[in-house]
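Scroll down for the structure; my scribbles are underneath it.
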Amino acid sequence: MKTFKTVLLASFLFLTANTISAQYYNNGYGGGGYGGNGYGNGYGRSNQMSQMQASQPTAPKPVPVEETAGKIVAYYKKELNLDALQEVVVKNIYIKSLKKEEVLMKKEISDDDKKQEFKVLSEMTEMEIKEILNKDQKEKFKNLIDERNSKMEARKR
């Protein structure tokens, strides 16, 4: 009878210890204690990881084409002395052009083909703008474009 009580007590202790360790180490939340973080909040490491990922900064949002076009027009307004109607038209031309550039960037074509298409798009945009400028503005615009192109060439070298 004494042996039976000893075996029963040993079995009870063994099963109790196994149950306690199962709750402590293997709670379904990544292990490592109550809730995986020692505080017993029930969320464990998986929640900590998701919180860390959520708090990390995301990639910057792209600048809207309207904002970019507005900056370009503000520059040209100052340099070319555009009137209100010209401002609106030039802004619309650049919005259209910038949207085409975005589409072109996503196209899966060779870099040489993209360069060529960008060049054509740039030339078309410049032609459209020249159509609404007066003689003095056209000359100033041509000088600005030439200056921009020479700066770009200097960067390539």
Side-chain angles (χ1 to χ4, degrees), residues 18-157:
N18 193 20
T19 304
I20 290 170
S21 68
Q23 288 177 357
Y24 186 77
Y25 290 108
N26 200 3
N27 59 13
Y29 294 108
Y34 290 105
N37 60 8
Y39 294 102
N41 64 4
Y43 293 110
R45 293 182 201 263
S46 62
N47 189 44
Q48 285 178 336
M49 291 301 288
S50 66
Q51 285 177 350
M52 285 173 40
Q53 289 170 351
S55 67
Q56 291 177 350
T58 57
K61 293 182 182 178
V63 179
V65 293
E66 291 79 8
E67 186 176 328
T68 304
K71 290 178 182 178
I72 294 169
V73 170
Y75 172 75
Y76 283 139
K77 179 182 179 184
K78 184 180 100 181
E79 295 295 322
L80 302 175
N81 197 23
L82 299 176
D83 63 33
L85 179 60
Q86 287 174 321
E87 277 184 69
V88 171
V89 174
V90 170
K91 185 172 183 177
N92 287 335
I93 290 170
Y94 271 105
I95 288 172
K96 181 177 70 171
S97 178
L98 291 168
K99 286 181 179 180
K100 286 180 181 178
E101 281 183 16
E102 285 180 346
V103 170
L104 182 55
M105 288 297 288
K106 294 176 184 174
K107 264 188 177 180
E108 294 187 19
I109 57 175
S110 71
D111 287 344
D112 290 336
D113 289 344
K114 277 187 183 181
K115 262 186 203 176
Q116 189 62 31
E117 287 195 38
F118 272 117
K119 185 178 178 183
V120 169
L121 180 60
S122 178
E123 290 171 358
M124 295 296 294
T125 303
E126 290 170 19
M127 280 184 6
E128 286 182 56
I129 291 172
K130 285 179 186 177
E131 289 178 10
I132 63 155
L133 301 177
N134 64 36
K135 185 179 178 182
D136 292 337
Q137 289 171 326
K138 284 180 186 179
E139 194 168 318
K140 287 180 185 177
F141 183 72
K142 182 186 179 312
N143 291 338
L144 291 172
I145 297 300
D146 290 342
E147 185 179 315
R148 181 193 71 198
N149 290 341
S150 65
K151 285 180 182 178
M152 288 174 64
E153 282 297 318
R155 284 187 198 159
K156 288 180 182 178
R157 295 178 200 168

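Remember, predicted model here, so these are calculated numbers, not experimental data.
- Formation of a donor-acceptor pair under 3.5 Å by the Lys114 side chain with backbone atoms of Lys107 is found in this model.
- For the atom pair Tyr94 OH and Glu101 CD, the distance stands at 9.5 Å (nearest 0.5 Å).
- The CD1 atom of Ile132 lies 10.0 Å from the NZ atom of Lys138; values are rounded to the nearest 0.5 Å.
- Scanning all heavy atoms of the two residues, the minimum distance from Leu82 to Val73 falls at CD1-O, 4.5 Å.
- Judged as a salt bridge (Lys or Arg N to Asp or Glu O under 4.0 Å), the pairs with a partner in residues 144-153 (not counting sequence neighbours) are, in order, Glu126-Arg148, Lys142-Asp146, Glu147-Lys151, Glu153-Lys156.
- In this structure, Gln137 contributes its side chain and Asn81 its backbone to a donor-acceptor pair below 3.5 Å.
- Ser97 approaches Leu121 most closely through the heavy-atom pair O-CD2, 3.6 Å.
- Note on residues 79-94: pairs passing salt bridge (Lys or Arg N to Asp or Glu O under 4.0 Å), not counting sequence neighbours, are Lys77-Glu87.
- Put simply, CD1 on Ile72 and CD1 on Ile129 are 8.0 Å apart, with the number rounded to the nearest 0.5 Å.
- Leu133 and Gln86 get closest at one heavy-atom pair: CA-NE2, 3.8 Å.
- Side-chain atoms of Glu66 never come within 3.5 Å of backbone atoms of Ile95 as a donor-acceptor pair (strictly under, hydrogens ignored).
- Scored by the salt bridge (charged side-chain N to carboxylate O under 4.0 Å, His left out) test, Glu67 finds Lys71 as partners (sequence neighbours excluded).
- With values rounded to the nearest 0.5 angstrom, Lys99 atom NZ is found 12.0 Å from Thr68 atom OG1.
- Asn149 CG to Leu144 CG: the interatomic distance, rounded to the nearest 0.5 Å, is 11.0 Å.
- For the atom pair CG (Leu80) and CG (Asp136), the distance works out to 10.5 Å, reported to the nearest 0.5 Å.
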Full working for side-chain contact (heavy atoms from CB on, under 4.5 Å) between Lys135 and Glu139: CA-CA 6 Å; Lys135 185 179 178 182; Glu139 194 168 318; 5.6 Å; no
